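First up is the structure itself, then whatever we jot down about it.
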Amino acid sequence: MSRARTFPQRPPFGASPSGQLVVAIALVAAIATAPLGRGALSAAAFVTTVAVIAFGQARRIGRAAVPMLLMIGASIVPIAVSSSTERAGLVALRALLAATTAMAVAGATTKESLAPALGALGVPGVVAAVLASALRQTTVLRTEGRRLLLARKLRGRAGYGDGAALLGILFARAATRAERVELAMRLRGFAPEQAMERMRLGRRDAPLVAIAGAAAAAIHLAGRLTP
Amino acid sequence: VHLADGIVTHPGVIIGLDLVGAGSLAVAVRRADSEDRRAVAWTGMLTAFLLAAQAVNVPLLPGTSAHVIGAGLVTLAVGPARGIVAMTGVLLVQALFFGDGGLTVIGINIIDLAVLPALAVELSARVIGRSGRALGVSAFVGTLLGNALGASVLAGTLVVGAGVPARVAFPWLVGVQSLAGLAEGVLTAFAARQLERRAPGLISERRGEARVGAPRSNGLRAALAWAAIFVGVATALIPLASSAPDALERLVPRTGARR
C-alpha cells in the first residue's frame with residue numbers, strides 16, 4: 001500500500017528554497033499586520049488554505065497543531081482577560097493563520113536546503129553553518145540517545161539522577177560523532193558557500209514571489225473594503 | 001513562551017525590538033568564530049539537542065504548558081556568543097518548520113529566548129563561578145533569572161505593543177515562566193555538572209571566548225553580584241505586585257495635581 005505524499009516533489013513554479021522563504025515571509029507579514037476585520041481575516045484564511053493545498057503540508061500542520069495552539073494560547077490569555085473574548089478570538093485566529101502559512105510554505109523546503117537558503121537570504125554565515133550542522137546531527141543525536149536508553153534498560157537502571165548522568169554521556173558521545181561527521185564532510189570537499197550559491201534568488205522565483213505579493217496586497221485591500 | 005505573529009500590533013514596537021534583536025545577534029556573530037569547525041560542530045550538536053528538547057511541552061497550569069529554553073546549558077558549554085547563535089538557529093527552525101514563534105517578531109523572540117537567558121547565565125557564572133558546585137548553582141540561578149527576564153520583556157512588549165494591562169501581563173507571563181524556570185534551572189544544573197564530570201574538555205573549551213574580555217576587578221565583581229541580586233529580587237516580586245494604587249497615585253487626585 002502506497003502512502004500519501006506529505007509534500008510535492010517540486011514546489012509551485014519550481015521556485016527555489018530561498019524563493020519559498022521570501023514568499024513565506026511576505027505572506028506571514030501581510031497576515032500578521034492585517035486589520036482585525038471580517039474582510040481581511042477571510043482573505044487571509046483563503047490565502048492560507050491555498051498555500052496549504054499548493055505546498056501539500058496539511059498532514060504536517062495537523063501534527064503540529066497542538067503545540068501551535070498552546071503557544072498562541074499562552075500569549076492570548078492576557079488579551080482575553082483584559083479585553084473582550086471576541087477580540088482575543090480574532091487575534092488568536094490571525095496568529096493561527098500566520099503560523100499555518102509559515103509552516104505551509106517554509107515547511108515545504110527540505111531539512112538540507114533550509115540553512116543554505118537562509119544563508120543566501122543574508123542570515124549570518126555562522127548562524128547558517130550552526131543550523132546546517134544541527135539539522136544534520138538530529139539523526140546522530142537520536143541514534144546515540146536510543147543506544148544509551150537501551151543500554152540503561154538492559155542494566156535495569158532508572159531514576160532522575162541516572163537520567164541526568166545519561167545526558168552528560170549523550171553530550172560527550174554525540175560531540176565526538178559530530179566532530180567526525182564534520183571532518184568527513186570537509187574531506188569529501190563539501191563547501192557551505194557552494195550550497196548557498198545554488199540557493200540564490202533567481203528568475204524562476206519571480207512568478208511565485210509576484211503571486212505572493214498580490215495575495216499580500218489583497219489581504220490588506222480586503223481589510224480596507226470590508227472592515 | 002514564544003511570541004506568535006499577529007499578536008503585537010504596534011509597528012514601532014515590532015520594528016524597534018526586531019532591530020534590537022538583530023543588533024544583539026550581530027554582536028554575537030562577531031564574537032563567535034565561524035572558522036573554528038570544531039566549535040561549529042559542537043554548537044550544532046547542542047542546537048540539535050535544543051531542537052529536540054524544546055519540542056516537548058509539559059503542562060504547567062490549566063490551559064498552558066511550558067518547555068525548556070535551553071540557553072543556560074548552551075551558554076555554559078559554548079559561551080554566550082555561540083549560545084545566542086545556537087538559540088537563533090533554533091528559533092528560525094521553529095518559526096519556519098513548526099509554526100512555533102513568529103517570523104515578523106523573530107527579533108523579539110531572539111531577545112526574550114536567546115539574548116537575555118544567555119546573558120543571565122553568563123552573568124551568574126561570572127559572579128558565582130563556573131566549576132564544581134558553583135557551576136550547578138550558577139546554572140540554576142542564571143536559568144531562573146533568564147526565564148524571568150525574558151518573560152518580563154515579553155510582558156512589557158504585550159503591554160506597549162498589544163494594549164494588555166501591565167497588571168495582567170506581568171503576573172501571568174512572569175509567573176508561568178518563573179515556574180518553568182525553576183524546573184529548567186534544576187535540570188540545567190544537573191546537566192552542567194554531569195557534562196563537567198563526563199566531558200570536562202568540552203565545557204572548558206569555551207574559556208578562549210571568555211579571555212576576550214578584560215580581567216575583572218573585585219569591585220566590578222561585587223557590583224555585578226549586587227546588580228544580579230537586585231534584578232533577581234525585583235523580578236521575583238513582580239508576580240506579587242499589587243494592582244492597588246501606590247501612595248503617589250492616591251495623593252494626586254486629592255491634591256488636584258495634573259498628571
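Convention: sequence-line order gives letters A, B, ...; per-chain numbering from 1. For clarity, every value in this text was computed on a predicted model and none was experimentally measured.
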Leading residue by heavy atom contact count with chain B [cutoff under 4.5 Å; candidates [options]]:
{"options": "A:V28, A:V91, A:V123", "answer": "A:V28"}
{"options": "A:A132, A:P78, A:A115, A:A24", "answer": "A:P78"}
{"options": "A:V105, A:T138, A:V127", "answer": "A:V127"}
{"options": "A:A99, A:A98, A:A95", "answer": "A:A95"}

Which pair of heavy atoms, one from [X] and one from [Y], lies closest together, and at what distance?
{"X": "B:A95", "Y": "A:A102", "value": "O-CB, 3.8 Å"}
{"X": "A:V130", "Y": "B:A86", "value": "CG1-CA, 4.3 Å"}
{"X": "A:A134", "Y": "B:A48", "value": "O-CB, 3.4 Å"}

Using side-chain heavy atoms (C-beta onward) and a distance below 4.5 Å, is [X] in contact with [Y]?
{"X": "B:F97", "Y": "A:L114", "result": "yes"}
{"X": "A:I79", "Y": "B:V168", "result": "no"}
{"X": "A:R94", "Y": "B:T9", "result": "yes"}

**Q.** Polar side-chain atom of A:Q137 near backbone of B:M45 as donor-acceptor pair, under 3.5 Å
**A.**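 It does hold such a pair.
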
Please round to the nearest 0.5 Å and tell me the distance separating atom [atom1] of [X] and atom [atom2] of [Y].
{"X": "A:I76", "Y": "B:I7", "atom1": "CD1", "atom2": "CD1", "answer": "4.5 Å"}
{"X": "A:R60", "Y": "B:F98", "atom1": "CZ", "atom2": "CZ", "answer": "6.0 Å"}
{"X": "B:I14", "Y": "A:T33", "atom1": "CD1", "atom2": "OG1", "answer": "8.0 Å"}
{"X": "B:T104", "Y": "A:I25", "atom1": "OG1", "atom2": "CD1", "answer": "10.0 Å"}

The single option from B:V93, B:V85, B:T43, B:V90 passing side-chain contact (heavy atoms from CB on, under 4.5 Å) against A:L131: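 Only one of B:V93, B:V85, B:T43, B:V90 forms a side-chain contact (heavy atoms from CB on, under 4.5 Å) with A:L131, namely B:V93.
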
Measuring heavy-atom distances to chain A, does [X] have an atom under 4.5 Å in its side chain, in its backbone, in both, or in neither?
{"X": "B:L158", "value": "side chain"}
{"X": "B:L173", "value": "side chain"}
{"X": "B:A22", "value": "neither"}
{"X": "B:L92", "value": "side chain"}
{"X": "B:L154", "value": "neither"}

request  = Heavy-atom distances under 4.5 Å only: say whether A:L118 touches chain B with side chain, backbone, both or neither.
outcome  =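 Contact with chain B involves the side chain of A:L118 alone.
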
